[in-house]
*Asks:* 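Sharing a structure below in structure tokens format, with a few things to ask.
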Amino acid sequence: MTGGRSERQIIMNKNYDHKETESRIYSAWEQSGAFCPPEGEDLPADKKTFTVIMPPPNANDPLHVGHAMFVTIEDIFVRYHRMKGEVTLWLPGTDHAGIETQFVFEKKLAKQGKSRFDFDRETLFQMIWDYVKDNSGVAIEQMKRLGASADWSRYKYTLEPEIVKEVVKTFIKLHEDGLIYRSVKLVNYCTKCGTAYSELEVDHEEREDKLYIIDYGKLKVATTRPETMLGDVAVAVNPEDKRYQSLIGEKIKLPLTQREIPIIADSMVDMEFGTGAVKITPAHDPNDWEVAVRQGWNMDEIVRDHQVIGTNGKMNKNAGVYEGLNINDAREKIVNDLGTALVETKPYLHSVGTCYRCHRVIEPLPMKQFFIKVKSLAEKALTALDSGETTIMGAGHDKILRHWLSNLRDWNISRQIVWGIRIPVWYKNDDFVVSETSPGDGYVQETDTFDTWFSSGQWPVVTLKTNKPGDFEAYYPTQVMETAYDILPFWVMRMMMLGIYMTGKSPFKYVYLHGLVRDEQGRKMSKSVGNVINPLELTEKYGADSLRMALVMSTTPGQDSATGENKVRGMRNFANKIWNASRYVVSMEESGIDGDNDQELMDNLNTHIETTTKRLDELKVGFAAEWAYSWFWDSFCDQYIEIAKKGLIGKQAMLKALKTNLILLHPFVPFVTEAAWAEVFPDEGMLISQCWPKLP
RNA sequence: GGACUCUUAGCUCAGUUGGUUAGAGCGCUGCAUUCACAUUGCAGAGGUCGCAGGUUCGAUUCCUGCAGGGUCCACCA
């Protein structure tokens, strides 16, 4: 080496080695305390804060590429605002994911030839708890590998006692405010999973079934479910239908049982469809339930006498001789037994509700469940959207959310599973008491648990309320909620409704919805296609920075994006470019300076700062990443370094430009920029804690 | 049936609130290799910005209609 060159050139390897740097740098960040903003009570009231609550991944799931996406985008926001000097909190956590987790656990049990019914609820809960405990921590470690600069000292879990206490308090408050009721209604029940769902958890699938035309004597009815005719309480026709007007009010005898039922009029009946006459089975069809309610019939009696299918998916005692048969067998037998009363059978394509977990047909069944009256909550959420208190970023999803909020039905929050927060309701005889603890002797607690989304829906509030002193006051409401658009109605909508209910303020200013990550050909990733990319493998191979950059480059909120190994490899090259440009600048000799070139560099640098800052302020991460990438590569490397090689730009100007670039690039590619920073500016502290450049 | 969204280079996608030669990654062609980086550089090919109208001095960008793809919602028995 010649005398003028820096010693550090010898130290800096020719290629950037992420394996050597990443874990070391992450530890240094953690130890520096940069992730952890002060406790809320230490903050002056006027101090500007920037808060992001992390969408809690399932505690027992390894990360998939969607998680990598949210980690990347949120980490970019967080690092940017932290460097801008705002008090920045990124609060992480994990979710117990009630049904998901219990479902996975039951699969495990099934492999051992066991089922949930072999255990009492306490034992089962404990078994799942231990199972989740064994797996938890995996997600956290993986997020750290991606560079997530979250405040782990404030980590929260949905089933920890403090959180459970807050969630229960909210339920009690809702009850006191008259927003909770317990009622028998038709709920979406999966007889395989053994629990009810809200309507959001029901998928609709096209199925090829049969439409049966059955002769009911004075008229014929069309049905896809003949087995439910045992529970018929009426036949309905349209009041305008001339064919049947004269029959309204008359009675007919139900085939098979000869039970007498009335012919009624209801405008819900479509004259064009089938025979224009509908059998009314309130206990097994949502429409029919509504008809019965409109008729003013006694629903308790209907359920008592005319529910013919039980929660076990079998015909019950009201089904008489068919008792004990499962639904399909009962259907077959009834169709047989109908004999000549069965007029016609034709193939019929229609959509049926299926369980989003196991894809069995959902059985609408009357059950006593707890519901939240959502109307007032939804209206306030709509107001928050109208006033701009909360803005949804992501192609068209603002309208979708409004549509949801405007058409919402009461929310069934009871789930017949053990893995969750047990509903704080106590029974003695027929009465129930809502209470955190047992109200006294002889009371038995409800065995149902809350819908997972009932606790997740309170996440921004409860994670801050149960955290460090003063955190809630200092950090709520938050600035950005970043998540995938597919959980907009499940989660974001509920957070808005419950957040406003609990605090009077919408929990976040912006909702940034990222799209689904697809494979390089734009196909949906699926295990069967075998095109699922594993974020950890790619991180291992190319470095976290490369994966982050590949995920975020050229993405736009609400729109799906495509990523694959080629893209990641290209971004690995970018990381190496940063490293080598730094390596060059650090080795430059102090040489001839041309004032014009220096000035032009500084002017362009200001444009760079201005544009990157603007795009990040507008939450356009993909667009910002694209700009920072090409400015660095095309301008700094390909133009200015080449000029500098000719001795036409001074080393100091190049150092300044490099410094600015490392800062501007840091939110996107934190590891390599930190590593290069340590080489070029060893006396200036860590890059993560540098100030974002201001324009002159 | 309703809503949303997309249609830009071979592929996957950006496009700074309408304005001179429309961009990136990967791929392709040619040249260059002790001189930061071959995980490179230089040069280049490649686009009627889905189609048809409209607004405008001017539209990839705004409006309308149409076609095709995708997604979500919906109680038609």
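Not measured: the values here are computed from a predicted model. Note that these values count all heavy atoms, side chains included, but never hydrogens, waters or copies made by symmetry. To find a chain, count down the sequence lines: A is the first, B the second, and so on, and within it residues start at 1.
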*Asks:* Please work out if A/Phe574 contacts a base, only the sugar-phosphate, or nothing of the nucleic acid, heavy-atom cut-off 4.0 Å.
*Replies:* nothing
*Asks:* Report the distance from atom CG of A/Asn576 to atom P of B/G41, rounded to the nearest whole Å.
*Replies:*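 Those two atoms, CG and P, are 11 Å apart.
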*Asks:* Got a sec: does the CD of A/Glu272 have more than 12 other heavy atoms crowding it under 6.0 Å?
*Replies:* no
*Asks:* Could you check which nucleotide pairs with B/U34 in any of the strands shown, counting Watson-Crick or G-U wobble with both distances under 3.5 Å?
*Replies:*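 Its partner is none (no Watson-Crick or G-U wobble pair with both distances under 3.5 Å).
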*Asks:* To the side chain of A/Arg572, which of B/G41, B/G70, B/U39 is closest?
*Replies:*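 Nearest to the side chain of A/Arg572 among the choices is B/U39.
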*Asks:* Counting any heavy atom closer than 4.0 Å, what does A/Glu520 reach on the DNA or RNA strands: base, sugar-phosphate only, or nothing?
*Replies:* sugar-phosphate
*Asks:* Mind checking what makes side-chain contact (heavy atoms from CB on, under 4.5 Å) contact with A/Lys645, not counting sequence neighbours?
*Replies:*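 side-chain contact (heavy atoms from CB on, under 4.5 Å) list for A/Lys645, sorted by chain: A/Tyr584, A/Ile641, A/Glu642.
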*Asks:* Separation of A/Ile533 atom CD1 from B/U12 atom C1', in whole Å?
*Replies:* 13 Å
*Asks:* Can you figure out which of B/C76, B/G25, B/A36 approaches the side chain of A/Met571 most closely?
*Replies:*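 Of all the options, the side chain of A/Met571 is nearest to B/G25.
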*Asks:* Using atom P of each nucleotide, how far apart are B/G58 and B/G53 to the nearest Å?
*Replies:*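 Pairwise P distance, B/G58 against B/G53, rounds to 16 Å.
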*Asks:* Assuming nearest nucleotide by heavy-atom distance, tell me which of A/Arg569 and A/Val269 is located more 5' along RNA chain B.
*Replies:*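 Checking each residue's closest nucleotide, the 5'-ward one belongs to A/Arg569.
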*Asks:* Ignoring hydrogens and angles, state whether a donor on the side chain of A/Thr483 or A/Trp491 is under 3.5 Å from an acceptor on the partner side chain.
*Replies:* no
*Asks:* Any side-chain N or O of A/Arg523 below 4.0 angstrom from OP1/OP2 of B/U12?
*Replies:* no
*Asks:* Mind checking who B/G53 pairs with, Watson-Crick or G-U wobble, both distances under 3.5 Å?
*Replies:*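 Paired with B/C63.
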*Asks:* Could you state the CG-P distance from A/Asp285 to B/A74, rounded to the nearest angstrom?
*Replies:* 15 Å
*Asks:* To the nearest Å, how far apart are A/Met393 CE and B/U16 C1'?
*Replies:*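 Whole-Å distance recorded here is 13 Å.
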*Asks:* Roughly, in whole Å, what's the span from OH in A/Tyr485 to P in B/C6?
*Replies:* 12 Å
*Asks:* Which value, in whole Å, describes the distance between the P atoms of nucleotides B/U8 and B/G50?
*Replies:* 6 Å
*Asks:* By the 4.0 Å heavy-atom rule, please label A/Gln521 as base, sugar-phosphate, or nothing.
*Replies:*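 Sugar-phosphate only.
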*Asks:* Which part of the nucleic acid does A/Ser630 contact within heavy-atom distance under 4.0 Å: base, sugar-phosphate only, or nothing?
*Replies:* nothing
*Asks:* Describe the nucleic acid contact of A/Asp638 in one word from base, sugar-phosphate, nothing, applying a heavy-atom distance below 4.0 Å.
*Replies:* sugar-phosphate
*Asks:* Using 4.0 Å as the upper bound for N to carboxylate O, is an ion pair formed by A/Arg243 and A/Asp241?
*Replies:*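 Judged by the 4.0 Å cut-off on N to carboxylate O distance, A/Asp241 and A/Arg243 do form a salt bridge.
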*Asks:* From C-beta outward on A/Glu626, which listed nucleotide comes closest to its side chain: B/C26, B/C4, B/A14?
*Replies:* B/A14
*Asks:* Which value, in whole Å, describes the distance between the C1' atoms of nucleotides B/C51 and B/A14?
*Replies:*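 B/C51 and B/A14 have their C1' atoms separated by 23 Å.
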*Asks:* Just to be sure I understand the rule, does A/Arg615 reach a base, reach only the sugar-phosphate, or reach nothing, if contact means heavy atoms closer than 4.0 Å?
*Replies:* base
*Asks:* So what does A/His350 touch, heavy atoms closer than 4.0 Å: a base, only the sugar-phosphate, or nothing?
*Replies:* sugar-phosphate
*Asks:* Applying the side-chain hydrogen bond (donor to acceptor under 3.5 Å, both in side chains) criterion to A/His608, which one of A/Thr613, A/Thr660, A/Asn661 satisfies it?
*Replies:*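 Considering A/Thr613, A/Thr660, A/Asn661, a side-chain hydrogen bond (donor to acceptor under 3.5 Å, both in side chains) with A/His608 is found only for A/Asn661.
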*Asks:* State yes or no: are the ring centers of A/Tyr629 and A/Trp633 separated by less than 6.0 Å?
*Replies:*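 Here the rings of A/Trp633 and A/Tyr629 have centres that are less than 6.0 Å from each other.
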*Asks:* Given B/A36, B/A77, B/G15, which nucleotide is nearest the side-chain atoms of A/Phe623?
*Replies:* B/G15
*Asks:* Just the rounded figure in Å: distance from C1' of B/A38 to CG of A/Asn573.
*Replies:*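 That distance rounds to 10 Å.
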*Asks:* Reckon A/Asn15 touches a base, only the sugar-phosphate, or nothing at all at heavy-atom distances under 4.0 Å?
*Replies:* base
*Asks:* What interatomic distance, in whole Å, is found between C1' of B/G69 and the corresponding atom of B/C31?
*Replies:* 42 Å
*Asks:* Give A/Ile641 one of three labels, base, sugar-phosphate or nothing, depending on what nucleic acid heavy atoms sit under 4.0 Å from its own.
*Replies:*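 A/Ile641: base contact, heavy atoms under 4.0 Å.
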*Asks:* Any side-chain donor paired with an acceptor under 3.5 Å for A/Tyr16 and A/Thr21?
*Replies:* yes
*Asks:* Classify A/Trp627 by what it touches in the nucleic acid, base, sugar-phosphate, or nothing, heavy-atom distance under 4.0 Å.
*Replies:*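 No contact.
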*Asks:* Expressed in angstrom and rounded to an integer, what is the separation of A/Lys577 atom NZ from B/A38 atom C1'?
*Replies:*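 Rounding to the nearest Å, NZ of A/Lys577 and C1' of B/A38 are 10 Å apart.
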*Asks:* Using a cut-off of strictly less than 4.0 Å between a heavy atom of the residue and any atom of RNA chain B, enumerate the qualifying residues of residues 231-240 of chain A by number.
*Replies:* none
*Asks:* Using a 4.0 Å heavy-atom cut-off across all strands, classify A/Tyr212 as base, sugar-phosphate, or nothing.
*Replies:* nothing
*Asks:* From CG of A/Leu408 over to P of B/C72, roughly how many Å is that when rounded to an integer?
*Replies:*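 The distance from CG of A/Leu408 to P of B/C72 comes to 19 Å, rounded to the nearest Å.
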*Asks:* Scan A/Glu537, A/Glu565, A/Arg572 and name whichever one has a side-chain hydrogen bond (donor to acceptor under 3.5 Å, both in side chains) with A/Tyr542.
*Replies:* A/Glu565
*Asks:* Could you tell me whether the phosphate oxygens of B/G15, OP1 or OP2, come under 4.0 Å of any side-chain nitrogen or oxygen in A/Thr556?
*Replies:*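 It does, given that an N or O in the side chain of A/Thr556 lies less than 4.0 Å from OP1 or OP2 of B/G15.
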*Asks:* Can you tell me the Watson-Crick or wobble partner of B/U39, both distances under 3.5 angstrom?
*Replies:*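 Looking at the geometry, B/U39 pairs with no nucleotide.
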*Asks:* Would you tell me if any nitrogen or oxygen in the side chain of A/Tyr348 comes within less than 4.0 Å of OP1 or OP2 on B/C76?
*Replies:*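 A/Tyr348 to B/C76 OP1/OP2: no side-chain N or O under 4.0 Å.
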*Asks:* Between A/Trp411 and A/Phe371, does the ring centroid distance fall short of 6.0 Å?
*Replies:*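 When the ring centroids of A/Trp411 and A/Phe371 are compared, they turn out to be at least 6.0 Å apart.
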*Asks:* Consider the side chain of A/His403, meaning its heavy atoms from C-beta on, and name the nucleotide among B/C13, B/C73, B/G41 that approaches it most closely.
*Replies:* B/C73
*Asks:* If each of A/Asn580 and A/Ser561 is mapped to the nucleotide of RNA chain B with the nearest heavy atom, which maps nearer the 5' terminus, i.e. the 5' end?
*Replies:* A/Ser561
*Asks:* Do A/Lys14 and B/A36 have a side chain to base donor-acceptor pair shorter than 3.5 Å?
*Replies:*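 Flag unset: no donor-acceptor pair detected.
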*Asks:* Return no unless some side-chain N or O of A/Trp633 is found under 4.0 Å from OP1 or OP2 of B/G41.
*Replies:*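 Checking B/G41 against A/Trp633, a side-chain N or O does come within under 4.0 Å of OP1 or OP2.
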*Asks:* Distance-only, no hydrogens or angles: does the A/Asp232 side chain make a donor-acceptor pair with backbone N or O of A/Ala234 under 3.5 Å?
*Replies:*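 Side chain of A/Asp232 to backbone of A/Ala234: no pair is present.
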*Asks:* Just call it for A/Lys645: base, sugar-phosphate, or nothing, with non-hydrogen atoms closer than 4.0 Å on any strand.
*Replies:* base
*Asks:* Is the distance between the ring centroids of A/Tyr197 and A/Tyr189 under 6.0 Å?
*Replies:*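 Not under 6.0 Å, so no.
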*Asks:* Searching all strands shown, indicate the nucleotide that pairs with B/A3 (Watson-Crick or G-U wobble; both distances under 3.5 Å).
*Replies:* B/U71
*Asks:* I'd like the C1' distance from B/C72 over to B/U56, given in whole Å.
*Replies:* 36 Å
*Asks:* With a non-hydrogen cut-off below 4.0 angstrom, is A/Glu272 in contact with a base, only sugar-phosphate, or nothing?
*Replies:*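 Contact class for A/Glu272: none.
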*Asks:* Taking only the C1' atom of each, what is the distance from B/C76 to B/G1 in whole angstrom?
*Replies:* 10 Å
*Asks:* Distance between the C1' atoms of B/C35 and B/G41, in whole angstroms?
*Replies:* 13 Å
*Asks:* Please measure how far the C1' atom in B/A9 lies from the corresponding atom in B/G27, and state the result in whole Å.
*Replies:* 11 Å
*Asks:* Which part of the nucleic acid, if any, lies within reach of A/Val221 when heavy atoms closer than 4.0 Å are counted: base, sugar-phosphate only, or nothing?
*Replies:*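 No contact.
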*Asks:* Answer with yes or no after comparing the ring centroid distance for A/Phe636 and A/Phe632 against a 6.0 Å cut-off, counting only values under it.
*Replies:* yes
*Asks:* Are any of A/Lys399's side-chain N or O atoms less than 4.0 Å away from OP1 or OP2 of B/A3?
*Replies:*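 Result: no.
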*Asks:* Under a 3.5 Å limit for both distances, which nucleotide forms a Watson-Crick or G-U wobble pair with B/G25, could you say?
*Replies:* B/C11
